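Working notes, beginning with the structure itself.
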Amino acid sequence: MAWTNEDVARQFAEIVTLLKLSGADQFRVRAYERAAGAIGAAPTDLATLDEAGIAALRGIGASTARKVSEYLTTGKIAMLEDLRGAVPAGLVELIRVPGLGPKTARLLYDSLGINSVEALREAIETERLRGLPGLGVKTEANLRDAIARVGAKDTGRVPMADAVAVAEELCRRLRELPVVEDVTYAGSLRRMRETIGDIDILAASTAPAHVHDALRSSELVTDVLAAGDKKTSVIVRRGIQADLRVVAPEAYGAALIYFTGSKDHNVRIRERAVRSGLTLNEYGLFDKETERRLECRTEAEVYEQLGLPFIPPPMREDTGEVQAAVAGNLPAVVHLEDIRGDLHGHSDWSGDGKATLEEMVAAAAGLGYEYWAVTDHAEGLPMNGLSRQQMLQRRTAIEMLQERYDIRILEGAELNIGPEGDVDYDPQFLATLDFCVASIHTLMTRAGAVQTRRIITAMENPAVHAIGHLTGRKIGGRPPYDVDLDAILDAAKRTGTALEVNASPHRLDISSDMVRRAVEAGVTLTISCDGHSVGDLRSMRYGVGTAQRGWATSQDVLNCRPLDGLFDFVAAKRT
DNA sequence: GCCGTTTTCGGCCCGACTGTTTTCAGTCG
């Protein structure tokens, strides 16, 4: 299970923290940092590899492989145990304070014995920090504020869904400035990570001071953290941090790459630039010898100068995309334009739908889709579900609507996966439906093994074409059930059942990591909005982004196929 | 500690901002 890799990665992340606090060589720290990242992103369970296999992973050498092996066999890493003994425990807590790094933490501990945030607060109150080298009145005040922010618990990551609205509002306001030629959000939001640490906004302008002023004086801003000529950092509503960079229009492409990240992806392509005698920064691509700027105004042109194809932002995580691009193997991932329909949506026929069937159909048609499946809740769901009788009434409604719309309305249902993996209605009635999603809506706290068994049983039902929101998670809310993904993927393949990538930004279920494993296993995916309102249908881009992060191509996605291809898939399931 | 179509040793991405400093260290992304 990937759980192994996450567990091992956590051990190495702790080594990184403790090494920093020990004042270790920065390149050695960086090597461990990379190793931790490589372990976390490894596509195969480390427990199934031998030491040589582990060392073959990029960023992991003999020394790290030995430690991984040591951990997997003994449950401990001697080096980590030694580090824990050597580094005072409180220092780890101290460097969680923003602006307080390992050097300062060490200084505080060595000179004043400060070993916790509480001890630091006391030292500030009693003015004991004064007189320490490099720590003045301002630092003292900044630390006091930073501690208050840690206490306010606003330092965590926020769900993408919450950040997008704020980011779009900030962009909209900046776009209104006449001096702004271009503006967009970048960072992890553009890469469509499921949670966001801060909002990064990039603007192109020949009058940067004006743009920075506009942000700093916006009424959305509650606090200004940094105010320079080139960069502004502020706190906006909900305690989210936003960073603004303003560059000249001709630097926009290079700056967009820089500001989109990820950091590791940037390091990777900058290394590649260096090897070609170039240097890449946020102002452009330069010849190292002549310091001449190469002409490239767009991201694609920068990649081209580096001998690489354009790499879609969601793929930029340094999980092998640069190597694949170099080798010419970068998968042509699915794009929003490839989506021909949506296979999971609700109308007000089921209790929780917020729009009429016609409103939903009209909206789907407006998006240019060839088909849209109305998958209202089935009878087993108390309050919301449709009885068989209501389903028949809805069938008549669909037939009448179909006469007035070109988009093909697929008659479907979101079936409930029962305690034993059973689903609603009877087989004869189910056989009359075009497309069915099956999902867990009850008994959500059952153990992973139970959920896995329920889901696999549901997959074996010929009427079930896709499994909806597989792990039941709500980002920032409900945790996922701990399903056995390998067993699920095997069953999906065996039974010809698709796995849904639920595009709701609150769900993104399955996750991009799971998408990547599903793609490697050759399992068919759907990307669906699970829309309960007209507005929900615009969430498709988040599902596509998640699929891109998992390297899925349009070949992997059922709703990229034309209608007859979709019916072929359904027919194959019935036999 | 990792890695190599210039290297198996000697490098390792690049820059902004802040605060405490007469030229830079620490932190962050």
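Just so it is clear, the values below take in all heavy atoms, side chains as well, and ignore hydrogens, waters and symmetry mates. To find a chain, count down the sequence lines: A is the first, B the second, and so on, and within it residues start at 1. The structure presented is a predicted model; accordingly, all values stated were derived computationally and were not measured.
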Checklist line | Derivation and outcome, side-chain contact (heavy atoms from CB on, under 4.5 Å), residues A:Leu107 and A:Leu135 | finding: CA-CA 10 Å; A:Leu107 173 70; A:Leu135 291 182; 4.3 Å; yes

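Look at CZ on A:Arg275: it is 8 Å from P on B:dG4, rounded to the nearest Å. In this entry the distance linking CG of A:Leu94 with P of B:dG26 reads 17 Å, nearest Å. When the C1' atom of B:dC28 is taken as reference, atom CD1 of A:Ile95 falls 13 Å away, rounded to whole Å. Residue A:Leu107 contributes atom CG, which lies 12 Å from atom C1' of B:dA25 at whole-angstrom precision. For A:Lys67 and B:dC2, the NZ to C1' distance is 12 Å, given to the nearest whole Å. Remark: C1' of B:dC28 and NZ of A:Lys103 are 14 Å apart, rounded to the nearest angstrom.
Residues A:Ile257 and A:Ile269 have side chains in contact (heavy-atom distance under 4.5 Å, counting atoms from C-beta outward).
In summary, A:Arg172 and A:Glu176 engage in a salt bridge, as defined by a charged side-chain N under 4.0 Å from a carboxylate O.
Exactly one residue among A:Arg507, A:Arg473, A:Arg549 makes a salt bridge (charged side-chain N to carboxylate O under 4.0 Å, His left out) with A:Glu194. That residue is A:Arg473.
Side chain of A:Asn502 to main chain of A:Leu508: no donor-acceptor pair is present (N/O by atom type, distance under 3.5 Å, no hydrogens or angles). The closest donor-acceptor contact from the side chain of A:Thr74 to the backbone of A:Glu70 lies under 3.5 Å. Side-chain atoms of A:Asp338 come within 3.5 Å of backbone atoms of A:His335 as a donor-acceptor pair (strictly under, hydrogens ignored). Here the side chain of A:Ser504 pairs a donor or acceptor atom with the backbone of A:His506 at under 3.5 angstrom. Under the 3.5 Å distance criterion, the side-chain polar atoms of A:Ser188 are left unmatched by any main-chain donor or acceptor of A:Arg191.
Taking the P atoms as reference points, B:dC3 lies 16 Å from B:dT8, given to the whole Å. Spacing between B:dG29 and B:dT23 at atom P, rounded to whole Å, works out to 29 Å. Comparing the P positions of B:dG26 and B:dT21 gives an interatomic distance of 13 Å, to the nearest angstrom. B:dT20 and B:dC9: their P atoms are spaced 46 Å apart (whole Å). B:dG4 and B:dC17: their P atoms are spaced 35 Å apart (whole Å). Between the C1' atoms of B:dT22 and B:dC12, the separation comes to 31 Å (whole Å). B:dT7 and B:dG1: their P atoms are spaced 25 Å apart (whole Å). With both ends at atom P, the span from B:dT18 to B:dG10 equals 40 Å, rounded to whole Å.
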Between protein and nucleic acid, restricted to nucleotides 8-10 of chain B and to nitrogen or oxygen atoms under 3.5 Å apart, what atom pairs and distances do you find?
none

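The side chain of A:Thr64 contributes an N or O atom lying less than 4.0 Å from OP1 or OP2 of B:dC2. Dashed line: the shortest gap from a side-chain N or O of A:Ser63 to OP1 or OP2 of B:dG1 is under 4.0 Å.
Side-chain polar atoms of A:Tyr283 and A:Lys230 form no donor-acceptor pair below 3.5 angstrom. Side chains of A:Asp7 and A:Thr4: no donor on one and acceptor on the other come within 3.5 Å.
Within the cation-pi definition used here (under 6.0 Å to the ring centroid, within 45° of the axis), A:Arg316 qualifies as a partner of A:Phe310.
A:Gly59 comes within 4.0 angstrom of the backbone, heavy atoms only, and of no base.
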Notebook entry, point to check: For DNA chain B, what dot-bracket results from Watson-Crick or G-U pairs at under 3.5 Å, with [ ] for crossers and | for inter-strand partners?
Noted result: ((((....)))).((((((....))))))

Next item on the list: Mark up nucleotides 11-21 of chain B, 5' to 3', with B wherever a protein heavy atom is under 4.0 angstrom from a base atom, S wherever such an atom reaches only the sugar-phosphate, and - elsewhere.
Entry: -BBBSSSSSS-

